[in-house]
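All remarks here apply to the structure that follows.
Source: prediction; values computed, not measured.
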Amino acid sequence: MCSHPRMRAAVASARKEHRVVASRCWTRVIFPLLCLTLILPGCTVRGGTATTSPEATATINAVPSADPTPATPETGGSLIIAIPEEPDTLNFTLTDQRAARWVISSLNARLIRVRGDGTLEPQLLGDIPTLENGGITEDGRVYTLRFREGLRWSDGEPLDARDFQFTWHTITNPAYPAVDRSGWEQIESVEVSTDFLTATVRLREPSASFLETVLAGSGANSAGLLLPAHALEDTAPQDIPNSGFGKETYVGSGPFRLDRWTEGEQLVVERNEHFVGPGPLLERIVLRFVSDPRQAITYLTTGEVDLAVDLPETALPDLAQAPNASYLLTPRGGAVASYAFNLNDPDALDQPHPIFSDPAVRLAIALGFDRNRIVKELLFDQTTVGITPLDHTPWQDPSLTAYPFDPVQAARVLDAAGWTVQPDGIRARDGVRLSFTHTTTLGEDPDSVLRRQIQEAFIEDMRAIGIEVQPYNYPLVQIEGPRGVRATRRFDMIDLIDERRGGPEKLVRLFASDAIPTAADPTGGNAMGYVNSDVDQLLVAQARELDHTERSRLIDRVQRQVHEDVPLIPIYAHLEIDVSRRYVQGLDPGPVAGLWWNPEEWWVNRSEAID
């Protein structure tokens, strides 16, 4: 708990005077560990009409008012999709690029997939391992994975438990440059049955996150995917990245197979005759690489593409220009735009920050930043003000509310902490001027433009309460990476640029003290330098807690402590924006699953297309 008496009093006062609750698309319930409804349904705005309660979502005024009347799915035909970038590889272990993961999702089934409504569905596995069906032992250390019979890779070769074992060996090999080993490194051994249909997986210790990091995934992540052992087992792990797999050659397990890839132009996938699941309804999907979002909308308007995906949040005003279109606005669960305080002096990281080490300053900044204006004016009221890093996930603590915009209360907090206004209008205390730098991205891309617009609004709000903020911006490539501004912590306050969906693992990445980036390990996500021994203990405990109710309670406690300590300021929940011609059917995005979890169910209503 916060030990600073002025901070405790200010927090209590702010909460007593203001109880502003941001609207949510999620309902929170408690359910047993590993039950089939692991992730709860969220909301998506479709054609301007929310699929959940009216108070949960906002709508765009100029868009059509309803979806087309449901029709019987049709088979055949093609779908042309504009995606904002070309995949860097189709090897899921070597990429964290969103576009690559989308294509990979059309080319692969999952061990278990997360559906748009948040439920779990076994695909390559015959069932979901649970305590009840014997798939998990009582001590939580052994998982039994039972593969379906008759599975085939897209080249016709068998797919079975040997592929899981091979994937584990490859990803955890020190010579292999996997982008993410989360969950896989927890495995101690994998035994394969004589019929190759069962993998017995022993973990080093009980892990509550093994299901969500290794077994169950969607188009938003790489969980549940496998490498084809038969295609890669003769290649040394360190040579796989340069073997051509994922570029010149590819073998997958999903509803579509790679047909051709024209570099710089498009990638074509066609129906996979070896896919054992239902569908796909489409014959092929053509993915065109269109980096300019306005060009993508133009192509949609002229009919050159049928679907434009992952448009930037700045494209919201342009959506009404596309006639006969359906608009899918979906919160990215666990992807929250945030500003992070450096709690250490950037010139001497072993010392506290001369300003932000005062919790009253952090609270005052949270109270003095009008985030509602950001949502209303820059994001057209289509999303919600940020509360926690887990907004729009089933793990979000429903008891927490966003700090309100209250510049009067912010000024009182600063006054009480001894930060007094000087003749130039900027506050100071003990000779320290209340002035700091703020870092976001340079560039004319839509995302950078939006970030700087938010930065300008933030600077204006801070000036109104006697705080000077100086913009100190860099190109994205200089902010990210092992030697970037964030990893080396050469900033006062920084825009945390992370639009990836996430769950409890995001709390570990952001707030665990051993996740503070260092020269030896610059990959940590705790750029704030936040250290709280209670939070560290809670994060360790939740990672090992197999009872879902208790795990939820522990995660709630983490969120509440972080909310009180204010090491960062959540601004707004990021949106996934997809727009299609109205004859495109079967799209069913969800806050956690995203759009690409079910490409085999997409189809074209020919009568709508002709009309």
Task: Trace of the ring-ring contact (aromatic ring centres under 6.0 Å, His included) decision for F341 with Y530 - done: CA-CA 9 Å; F341 297 100; Y530 176 70; over 10 Å; no
Short side-chain to backbone donor-acceptor contact, [X] and [Y], under 3.5 Å:
X: R371; Y: P570; answer: yes
X: N598; Y: G586; answer: yes
X: Q542; Y: L539; answer: yes
X: S338; Y: V336; answer: yes
X: T213; Y: S209; answer: yes
X: E505; Y: G503; answer: yes
X: H563; Y: T401; answer: yes
X: R581; Y: L300; answer: yes
X: E185; Y: G183; answer: yes
X: N221; Y: A223; answer: yes

Does the ring center of [X] lie less than 6.0 Å from the ring center of [Y]?
X: Y339; Y: H438; result: yes
X: Y403; Y: F405; result: no
X: F245; Y: Y250; result: yes

When you check the side-chain N and O atoms of [X] and [Y], is any donor under 3.5 Å from an acceptor?
X: Q455; Y: N473; result: yes
X: T384; Y: H392; result: yes
X: Q266; Y: W261; result: no
X: S580; Y: Y327; result: no
X: S207; Y: Q186; result: yes

TODO: Report, as yes or no, whether the 6.0 Å neighbourhood of atom CZ on R452 holds more than 12 heavy atoms from other residues, nucleotides or ligands.
DONE: yes
Salt bridge check: are [X] and [Y] linked by an N-O gap of less than 4.0 Å?
X: E313; Y: R332; answer: no
X: R98; Y: E85; answer: no
X: R486; Y: E480; answer: yes
X: R101; Y: D96; answer: no
X: E212; Y: R551; answer: yes
X: E600; Y: R113; answer: yes

First locate atom [atom1] of [X], then atom [atom2] of [Y], and finally report the distance between them rounded to the nearest 0.5 Å.
X: I479; Y: T440; atom1: CD1; atom2: OG1; result: 6.0 Å
X: D445; Y: D292; atom1: CG; atom2: CG; result: 11.5 Å
X: L90; Y: K247; atom1: CG; atom2: NZ; result: 7.5 Å
X: Q453; Y: L450; atom1: CD; atom2: CG; result: 6.0 Å
X: T167; Y: L227; atom1: OG1; atom2: CG; result: 4.5 Å
X: S106; Y: W602; atom1: OG; atom2: CH2; result: 7.5 Å

So, do [X] and [Y] sit near enough that their side-chain heavy atoms are less than 4.5 Å apart?
X: S253; Y: L226; answer: no
X: I577; Y: D310; answer: no
X: R501; Y: S218; answer: no

- [ ] For D318, check salt bridge (charged side-chain N to carboxylate O under 4.0 Å, His left out) against everything at least two apart and list the hits.
- [x] R294
Task: Member of L538, V535, L400 meeting the side-chain contact (heavy atoms from CB on, under 4.5 Å) criterion with Q559 - done: L400
TODO: Look at the aromatic rings of F458 and F436 and report parallel, tilted or perpendicular, splitting at 30° and 60°.
DONE: tilted
Open item on the list: Listing request: all salt bridge (Lys or Arg N to Asp or Glu O under 4.0 Å) pairs with a residue in residues 508-526, at least two apart in sequence or in separate chains.
Closed with: D498-R509
TODO: Go through the structure and list residues passing side chain to side chain donor-acceptor pair (under 3.5 Å) with S513, not counting sequence neighbours.
DONE: D536
